[in-house]
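Below is one structure, written out as structure tokens, with a few remarks after it.
As the structure lists them, so they are numbered: ligands from 1, and atoms in each ligand from 1.
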Amino acid sequence: MKPVKVGLFGLGTVGTGVVRIVEGHHEDLMSQVGSPITIHKILVKDRAKARSVSIDPSKLTEDPWEIVQDPEIDVIVEVMGGVEATKELILAALERGKHIVTANKDLMALHGPELLAKAQQKGCDIFYEASVAGGIPIIRTLIEGFSSDRITKIMGIVNGTTNYILTKMSQEGADYADVLKEAQELGYAEADPTSDVEGLDAARKMTILATLGFRATIDLADVDVKGISSVTQEDIRYAKRLGYEVKLLGIAERQDEYVSVSVQPTFVKTSHPIASVNGVFNAVYVHGEAVGETMFYGPGAGELPTATSIVADLVAVVKNAKLGVNGRQASISYKEKKLKSDKQIASKYFMLLHVEDRAGVLMQIAQVFADYDVSIESVMQPPTPDRKGAELIIITHEASKDSMNRVLQAFQDLSTVRTIKSLYRVEG
Ligand code: NAP
Ligand code: HSE
């Protein structure tokens, strides 16, 4: 049995997990694919660095071309990150007929269509199960498991760092800045947490999920993104009081042929299953016309969870090779992309306003909502003895984003509205 030789780009958190699983599950993997899978060469930045797995030092290289140009290597597993330089290496590897397995959501969100086209042209596979929600097999589920259905909605908690921060804020009453600092100390949040907390990491993952779910190429620029840095303890307290949790949700929706994708902190009814996804865990809720509601839950990151997805992709490559069908996946994005306008995007909203406390103000506020055809579901004005003015908490019925933008504009121009403190989408 000729071994399948793997070139590994990166021996950090995920790369180490890949080595552990390929070596630790060697017999099982061989039984499934009929050949031994071996790690042939490993690209690292610094060969002298101490490693937490035992590696034959002669396998380590600092030169990617040693792997790309090695005719013995069948598959490259890319777990080093980076976008432009990594893309060039992957294109060069595909050109030489090597299959690719990657965990790189940044690369796939930005250049997925180009890489997939190149792979198909060269008869190679490119699989990226680990790029979204680490250990949850959501990508293959969307491509294969839902192939017979028409997906109407995907909602994801796809960033563990922000879910950890929001969970701590909710469960312990801690402030955003304090929890972020703690998450950095624990190694959950990066030294520069911008990509996570401002929603960009989630947006990249939602670009991938929406493309697969709606069978049309969704670009990162199509995603409306807002992160969690403006979420306050006051917002979370009101959410809980009204029966909601605040979650950073990626939401991809389709109505007829029109789609929208967004990432934003959202009030989620506590009865919705996604509201109880806590800590660094991820979850993806998928609604299909035929199947109805489904949800997939698990670890979104980490050495072994992420590596299980990578090695499952490796198994798929080798099985395809045995069948002689590498690079023959049917086109995923066969539909034309049609984006919803703001008039077509609808949801319920939570709004917190600070207003003047005198006769007629509530009527003015209600009139603005009426002017833009936004119906109010509930209004609450809790007593605020220590504040000169009133606090109004409003939950709307479903309204278009366009109408809500007009309401916001009108409130900005209304002298009795002192501050628009918060506005959140409401789900569930
Ligand atoms: P990491 O711990 O920082 O490891 C990166 C590895 O790549 C290191 O071994 C590093 O070498 C090597 N490397 C980086 N740049 C290189 C370069 N220019 N030339 C040669 N070697 C280079 O990263 P990670 O957490 O494993 O993540 C890897 C990828 O998986 C990223 O795309 C990430 O987004 C994705 N991912 C990660 C997770 C997770 O749980 N960590 C989950 C899902 C997806 P040295 O060891 O010598 O420094
Ligand atoms: N920074 C990411 C997260 C890692 O917090 O979920 C996994 O992609």
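Screening I39, I42, V18 for a side chain to side chain contact (heavy atoms under 4.5 Å, CB included) involving L11 leaves a single residue, I42. Tested against V132, the residues M206, R204, K205 include a single side chain to side chain contact (heavy atoms under 4.5 Å, CB included) partner, K205.
Around atom NZ of K421, no more than 12 heavy atoms belonging to other residues, nucleotides or ligands sit under 6.0 Å away. For Y297, the OH atom sits in a packed shell: over 12 heavy atoms of surrounding residues, nucleotides or ligands are nearer than 6.0 Å.
No donor-acceptor pair closer than 3.5 Å links the side chain of E198 to the backbone N or O of S195.
Y128 and M108 get closest at one heavy-atom pair: CD2-CE, 3.6 Å.
Applying the side-chain hydrogen bond (donor to acceptor under 3.5 Å, both in side chains) rule to K168 yields the partners E172, E182; only residues at least two apart in sequence or on another chain are considered.
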Distances for all N or O pairs of ligand 2 and the protein under 3.5 Å?
| residue | atom | partner | partner atom | Å |
| --- | --- | --- | --- | --- |
| ligand 2 | 1 (N) | D196 | OD1 | 3.0 |
| ligand 2 | 1 (N) | D196 | OD2 | 3.4 |
| ligand 2 | 5 (O) | N159 | ND2 | 3.4 |
| ligand 2 | 5 (O) | G160 | N | 3.4 |
| ligand 2 | 5 (O) | T161 | N | 3.0 |
| ligand 2 | 5 (O) | T161 | OG1 | 2.6 |
| ligand 2 | 6 (O) | G160 | N | 2.8 |
| ligand 2 | 8 (O) | K105 | NZ | 2.8 |
| ligand 2 | 8 (O) | K205 | NZ | 2.8 |

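Using a cutoff of 4.0 Å between basic side-chain nitrogens and carboxylate oxygens, E185 and K181 are scored as salt-bridged.
At a 4.0 Å heavy-atom cut-off, the residues surrounding ligand 1 are G10, L11, G12, T13, V14, L43, V44, K45, D46, K49, R51, V79, M80, G81, A103, N104, K105, A130, A301, G302, T306, listed by chain and number.
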Counting only pairs under 3.5 Å, give me each side-chain donor-acceptor contact of residues 242-251, with atom names and distances, residues two or more places apart or in other chains.
| residue | atom | partner | partner atom | Å |
| --- | --- | --- | --- | --- |
| E245 | OE1 | S170 | OG | 2.8 |
| K247 | NZ | N163 | OD1 | 3.3 |
| K247 | NZ | V277 | O | 2.8 |
| K247 | NZ | N278 | OD1 | 3.2 |

